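As the structure is a prediction and not an experimental result, all values here were calculated from the model. Throughout, residue positions are numbered sequentially from 1 according to the sequence presented.
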Amino acid sequence: MTIAIQTYMLLDDQECDARIAAARQKLGDKLVILCHHYQRDEVFRHADFTGDSLKLSRAAAESKAEYIIFCGVHFMAEVADILSRPDQVSILPDLSAGCSMADMADLRNVEKAWRELAEVLDPDETVSPVTYINSAADLKGFCGEHGGIVCTSTNARHVLEWCYGQREKVLFFPDQHLGRNTAYSMGIPLEEMVIWDYDKPMGGLTPEQIRNAKIILWKGFCSVHQMFKPEQIDQFKEKYPETQVISHPESPFEVCQKSDYVGSTEFIINTIASSEPGSRWLVGTELNLVNRLHEQFQHEGKNVHFMSPTVCMCSTMFRIDPQHLLWVLENLLEGNVVNQVSVPEDVAQQAKIALARMLDVSP
Ligand code: 13P
Ligand code: SF4
């Protein structure tokens, strides 16, 4: 019988820590634990592999383990299920760990957008649909079916280059900021970008605006990265002018424009790791990662600071706690699979096409 979560919620982190280690040892290579960089330290320390979304997708695709425990958010566990073998099991320790940005686009609204675009042009001939990996599996399926592709923050530029080799326009969802920051860095002017407001008929756009656009950006955003402001950079640099600024491309355009570097979580880590001792960094991404970077690099004399004066944590990632991880592992020891994430076969097939295109064009 499945062991209930309730008793685990009363355990302290220390007890969980010891029991997680013991369970992992017993399960051996039947199990792999993948952890996104935004996970809290109490979970992160148990990872077999850590990474950004692209790196973890590859790790899931290459893993031989029977059970893939994804310490991240729901769309990541879905990607692991799609890219792994049919006999492998993808598990998300807390199924309520979603992504608020991913929830800003759903299949109904994207299909509606596609139909409305068809009133102005032939989208299947002229528009490549691109979904950020932070999206539900059925949106990846939509992209697979309509000649489109998935992207992550690491490969967004390569993906857009591929798209413009196929068709003249891009419909980019759900994150407007990643779309705008990437397209602008490729030389597409802001005047050729429009926002698709999914609450309005025709996205709130005129036929002429649609015809003139090179990229149509979905009105979605990450509530964590949306908190970063250009003034925060100005104020910090007044005090420490030598600061180098590095931001995640989910941050607003003005923040990325004022940053010295823009890139994925993995890129941020590697850039700071290879910087000179004594350097000072202002970082625009999630708090758990920035705190870890601060701890990790202070002994090298590197100063790592968080961009916002207020706490910007990914509250959904935070739902993955040691108690849920232990609950999943001890159930596996008893032969029970809890919190399996399983994408229906027909959706997975189409989504896999869009993911395979992405992996093909990725650096
Ligand atoms: P990365 O792929 O850069 O790790 O980003 C994932 C994410 O959700 C950032 O908010
Ligand atoms: Fe989603 Fe933002 Fe959390 Fe990333 S940081 S998982 S985009 S809510």
Whether K140 side chain and L355 backbone form a donor-acceptor pair below 3.5 Å = no
Assess the pair F172 and W218: is the distance between their ring centroids shorter than 6.0 Å?
-> no
Can we call the ring centroids of F236 and H305 under 6.0 Å apart?
-> yes
Beyond-backbone contact of [X] with [Y], side-chain heavy atoms, under 4.5 angstrom:
X    : Y    : value
S259 : I246 : no
M104 : F221 : yes
F142 : W114 : yes
Y67  : Q88  : no
T182 : L178 : yes
W196 : L217 : no
I69  : L332 : yes
V341 : I91  : no

Only pairs under 3.5 Å count here: list side-chain donor-acceptor contacts from residues 72-81, not counting sequence neighbours, and write none if there are none.
{"residue": "E78", "atom": "OE1", "partner": "A137", "partner atom": "N", "Å": "2.9"}
{"residue": "D81", "atom": "OD2", "partner": "V343", "partner atom": "N", "Å": "2.8"}

For the atom pair [atom1] ([X]) and [atom2] ([Y]), what is the distance rounded to the nearest 0.5 Å?
X    : Y    : atom1 : atom2 : value
Q176 : N181 : CD    : CG    : 9.5 Å
Y8   : H324 : OH    : NE2   : 11.5 Å
L31  : L329 : CG    : CG    : 6.0 Å
K169 : N212 : NZ    : CG    : 7.0 Å
L160 : I188 : CG    : CD1   : 6.5 Å
L293 : T271 : CG    : OG1   : 10.5 Å

I'd like to know if [X] pairs up with [Y] as an ion pair, taking the criterion as any Lys NZ or Arg NE/NH1/NH2 lying under 4.0 Å from an Asp or Glu carboxylate oxygen.
X    : Y    : result
D29  : K64  : no
E42  : R40  : yes
R19  : E330 : yes
E161 : R157 : yes
D199 : K219 : no
R180 : D175 : no

Do M313 and V224 belong to the same hydrophobic cluster, where Ile, Leu, Val, Met, Phe, Trp and Tyr are linked whenever their side-chain heavy atoms lie under 4.5 Å apart, directly or via other members?
-> no
So, for C256 and P249, which heavy atoms are closest and what is the spacing to 0.1 Å?
-> SG-CA, 4.2 Å
Show your working on side-chain hydrogen bond (donor to acceptor under 3.5 Å, both in side chains) between E286 and N288 and close with a plain yes or no.
-> CA-CA 6 Å; E286 203 264 356; N288 278 292; 3.2 Å; yes
Whether the [X] and [Y] side chains hold a donor-acceptor pair (N or O, under 3.5 Å, no angle test) is what I'd like checked.
X    : Y    : value
S53  : T152 : no
Y261 : S247 : no
T285 : H225 : yes
W281 : T243 : no

Look at atom CZ of F253 and say whether more than 12 heavy atoms of other residues, nucleotides or ligands are closer to it than 6.0 Å.
-> yes
If you draw a 6.0 Å radius around CD in E242, do more than 12 non-hydrogen atoms from other residues or ligands fall strictly inside?
-> yes
Side chain to side chain donor-acceptor pair (under 3.5 Å) partners of Q39, counting only residues at least two apart = none
